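Counting starts at 1 for both ligands and their atoms, following the listed order. All values reported here derive from a predicted model rather than from experimental measurement. Side chains are part of it too, since the values below use all heavy atoms of this structure and drop only hydrogens, waters and symmetry mates. Numbering of residues begins at 1 and proceeds along the displayed sequence.
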Amino acid sequence: MKPQLLLPALLTASASASPLNQTWDYIIVGGGASGIPLADRLSESGKSVLLIERGFASSGRWGGTWKPSWLQDTNLTRFDVPALYQFIWTNLTDNSGIICPDVSTPASCVLGGGTAINAGQFYLPTPMDWDLTDMPPAWHSQHMRSATARALSRLPWTDTPSMDGESYLTNGSRITISLLTNSSLPHAYKLIRANDHPETRDHVLSLAEYFFQSGERGGPMATYLVSASKRRNFHLQLNTTVARVLRTGDHANGVQVGPTYPGGLNGTIKLTPKMGRVILSAGVFNTAKILFRSAIGPREQLHIVQNSTDGPLMLDEKHWIERPVGRNLDDAPSVYLAVSGFALDTYDWESLWDKPPAADVQRYLHNRSGPLAEIQPSLGPVFWDEIRGEDSRTRVVQWTTNSGVLNGQGILAFAANLNRGHTSRGTGLEDYLRAAIATQPLLTSNHWVGSTRMGASCEEEGDAVVDAGTRVCGMANLHVVDAGIVNGVSTANPQGVFITAAERAAAIILEMDE
Ligand SMILES: Cc1cc2nc3c(=O)[nH]c(=O)nc-3n(C[C@H](O)[C@H](O)[C@H](O)COP(=O)(O)OP(=O)(O)OC[C@H]3O[C@@H](n4cnc5c(N)ncnc54)[C@H](O)[C@@H]3O)c2cc1C
Ligand SMILES: *[C@@H]1O[C@H](CO)[C@@H](O)[C@H](O)[C@H]1NC(C)=O
Ligand SMILES: *[C@@H]1O[C@H](CO)[C@@H](O)[C@H](O)[C@H]1NC(C)=O
Ligand SMILES: *[C@@H]1O[C@H](CO)[C@@H](O)[C@H](O)[C@H]1NC(C)=O
Ligand SMILES: *[C@@H]1O[C@H](CO)[C@@H](O)[C@H](O)[C@H]1NC(C)=O
Ligand SMILES: *[C@@H]1O[C@H](CO)[C@@H](O)[C@H](O)[C@H]1NC(C)=O
Ligand SMILES: *[C@@H]1O[C@H](CO)[C@@H](O)[C@H](O)[C@H]1NC(C)=O
Ligand SMILES: *[C@@H]1O[C@H](CO)[C@@H](O)[C@H](O)[C@H]1NC(C)=O
Ligand SMILES: *[C@@H]1O[C@H](CO)[C@@H](O)[C@H](O)[C@H]1NC(C)=O
Ligand SMILES: *[C@@H]1O[C@H](CO)[C@@H](O)[C@H](O)[C@H]1NC(C)=O
């Protein structure tokens, strides 16, 4: 395959005029799972959109260059090849700059956000994800149907990423499926394709489903960002960290930025007077951080910022907006169980960077086929159970399985994620978080949500941080659109939910500005 670097229009556009010298109708902070789809949809309106990303380019499509030597003459980077995913969990490569240095659980700080480094598992939202997570009525499942359809139209999914239509290293998967669906079991699981059946998550089993395309990572960077950057009214600014929103009372005027790396901007970027909006899509932790620095949050938290080196730049206390940012933070607790003694295929993934099997490399480079087109360790099926507890709460547990090698032995690993029905969150999570940090990678599912809780109305719900229009309470033109506005953990790996939420938010914001 001939290397072909698609030179994005934005790189040439950025040469002519600096974003510092213009005003913008929409400034979106954070080019991740939510920010990229949002930027694309808002830019369809013809209004000017600036997407500011703290990190550097990840995928080769956007100028990324980080790769093992065997990808040298290709348009691919470590972020584009599904099988290179696991290096994020190892210290076999230098991963600095990929994982946010200021967040204590793994979060991505490169272009694409989580979608650049995650396992690519992509599940469409289920009705439960909206109706049982304390979302306001305007975000219940009957209002999310068209947003879901729009997300699906941009991100087709597959359970067989390899382009030859084959699955590799399937023993673990096959064994798990045959054990759980065995009809002589009193309650055998039903095998479904999860994205074809979003209505059921009780005692069902599915192959893992991914947004991978053409044997490459795909996702929002390969779809939404491509269409956005063809528009002259859209600009992507990399290597630039937003420190705070600049505001006069309840009106945002722009953002203050600093360079994360060379080529990043330093200064203030302004909104179009009166009609412009700032939208924070920096992820649950970084959006909260930006809000705190913008004097929006719980009083005790704002006092901490006031006492820090950011203090001198902070608004006077009489302009503080007290809202419980962070209080509703949530994730699914996760526990692992490993079973050995099966005839499992094993693969020497750890050698993939330096000494990959030549035949597999050829198969991948020529045909995007073979084990390198899959995420690894080879992910087995996922399955769900709804359990009604003695306390009459319904709990939804999602099990994920994969096969790997431990001490030279093939093992099947089962992770149980308590996605729905757990009872502690927010500040009540403190002990849990300390334990999670101490025992990484145990306990956290990395499916954080809810730090900027969405309410139906700010006036009536003191615990809301944003209203149903995604607007920050107390602000006229500042929004949050990311995992933080989804009020509870979803039934499956959540990026499909966040992308759908971004679709819905784009429609709401465009309607406000009609
Ligand atoms: C290792 C890992 C594996 C995962 N696997 C899966 C999976 O297989 N399937 C799934 O559904 N989910 C998975 N997840 C979770 C999923 O990726 C996240 O939930 C999702 O990306 C969150 O979306 P978001 O838009 O809220 O934030 P993100 O996608 O994290 O995007 C936030 C963006 O904002 C940028 N940013 C941060 N601060 C600033 C700032 N101050 N200024 C400018 N830009 C800023 C960041 O660099 C980032 O690009 C995984 C997560 C991790 C960490
Ligand atoms: C902004 O515009 C002014 C005048 O139009 C120009 O002199 C200056 O170099 C520009 N600054 C940047 C950063 O592009
Ligand atoms: C690499 O090039 C191939 C062939 O032109 C193309 O299909 C693919 O989308 C490109 N991938 C990236 C990440 O640029
Ligand atoms: C890398 O990880 C291994 C195993 O987890 C550990 O033994 C080793 O000390 C680590 N190396 C460095 C340089 O951190
Ligand atoms: C199903 O379970 C029964 C009883 O344990 C066992 O005899 C049979 O071999 C199993 N079938 C499969 C396909 O695993
Ligand atoms: C962004 O920073 C990275 C890392 O320092 C650098 O390699 C890259 O060239 C920079 N990109 C731009 C567009 O300036
Ligand atoms: C950013 O600009 C400010 C004000 O002009 C300056 O003091 C600071 O040193 C600059 N920072 C960087 C990293 O260039
Ligand atoms: C802030 O600093 C003052 C003075 O040093 C101290 O009294 C106060 O406790 C600090 N507050 C917080 C929240 O750290
Ligand atoms: C995978 O399963 C098949 C069929 O049971 C078996 O023949 C094969 O040996 C297994 N592979 C390994 C590596 O154990
Ligand atoms: C790629 O696929 C073609 C057609 O199936 C096949 O003939 C060829 O051998 C494959 N190339 C590699 C390197 O696997």
**Message:** Could you walk me through whether Arg471 and Arg277 satisfy the side chain to side chain contact (heavy atoms under 4.5 Å, CB included) test, starting with their C-alpha distance in whole Å, then the side-chain angles of each, then the deciding distance to 0.1 Å, before giving a yes or no?
**Reply:** CA-CA 10 Å; Arg471 219 175 342 211; Arg277 297 179 190 276; 4.3 Å; yes
**Request:** Go through the side-chain N and O atoms of Asn419 and Thr491 and say whether any donor and acceptor fall under 3.5 Å apart.
**Result:** no
**Message:** Run the side chain to side chain donor-acceptor pair (under 3.5 Å) test against Thr90 and tell me which residues pass, sequence neighbours left out.
**Reply:** none
**Message:** Closer than 4.0 Å to some heavy atom of Gly263 - which atoms of ligand 6 meet that?
**Reply:** 14 (O)
**Message:** Once you restrict to heavy atoms under 4.0 Å, what part of Leu238 touches ligand 6? Side chain, backbone, both or neither.
**Reply:** neither
**Asked** Taking atom types as modelled, is there a side-chain donor on His303 or Glu300 under 3.5 Å from an acceptor on the other?
**Response** no
**Request:** Indicate, as side chain, backbone, both or neither, the part of Glu216 found under 4.0 angstrom from ligand 3 when only non-hydrogen atoms are considered.
**Result:** side chain
**Prompt:** Any idea which part of Pro262 is under 4.0 Å from ligand 6, heavy-atom wise: side chain, backbone, both or neither?
**Reply:** both
**Asked** Considering residues, nucleotides and ligands other than Lys270, do more than 12 of their heavy atoms fall under 6.0 Å from its NZ?
**Response** no
**Asked** Think Arg368 forms a cation-pi with Tyr364, using NZ or CZ under 6.0 Å from the six-ring centre and within 45 degrees of its axis?
**Response** yes
**Prompt:** Which atoms of ligand 3 sit under 4.0 Å from any heavy atom of Asp80?
**Reply:** 13 (C)
**Fill in**
Value for CG (Leu478) from CG (Asn253), rounded to nearest 0.5 Å, stands at 11.0 Å
**Request:** Determine, step by step, whether Lys47 and Asp513 satisfy the salt bridge (Lys or Arg N to Asp or Glu O under 4.0 Å) criterion, reporting the C-alpha distance in whole Å, the side-chain angles of both residues, the deciding distance to 0.1 Å, and the verdict.
**Result:** CA-CA 10 Å; Lys47 297 205 167 72; Asp513 289 340; 5.3 Å; no
**Asked** Does any N/O atom on Arg61 come nearer than 3.5 Å to any N/O atom on ligand 3?
**Response** yes
**Contacts of Ser43 that satisfy side chain to side chain donor-acceptor pair (under 3.5 Å) - sequence neighbours left out** = Arg231
**Message:** Would Ser214 count as a contact residue for ligand 3, given that I'm defining contact as a non-hydrogen atom of the residue lying under 4.0 Å from a ligand atom?
**Reply:** no
Write 'none' if nothing qualifies; otherwise put on separate lines each N/O atom of ligand 7 with a protein N/O atom under 3.5 Å away and their distance to 0.1 Å.
| unit_1 | atom_1 | unit_2 | atom_2 | d |
| --- | --- | --- | --- | --- |
| ligand 7 | 2 (O) | Asn266 | OD1 | 3.4 |
| ligand 7 | 2 (O) | Asn266 | ND2 | 2.2 |
| ligand 7 | 11 (N) | Asn266 | ND2 | 2.9 |
| ligand 7 | 14 (O) | Asn266 | ND2 | 3.3 |

**Asked** Can you list the ligand 3 atoms lying under 4.0 Å from a non-hydrogen atom of Ser59?
**Response** 13 (C)
**Prompt:** Does an N or O anywhere in Tyr261 fall below 3.5 Å from an N or O of ligand 6?
**Reply:** no
**Message:** Once side chain to side chain donor-acceptor pair (under 3.5 Å) is applied, do any residues pair with Lys289, and if so which ones, sequence neighbours excluded?
**Reply:** Asp102
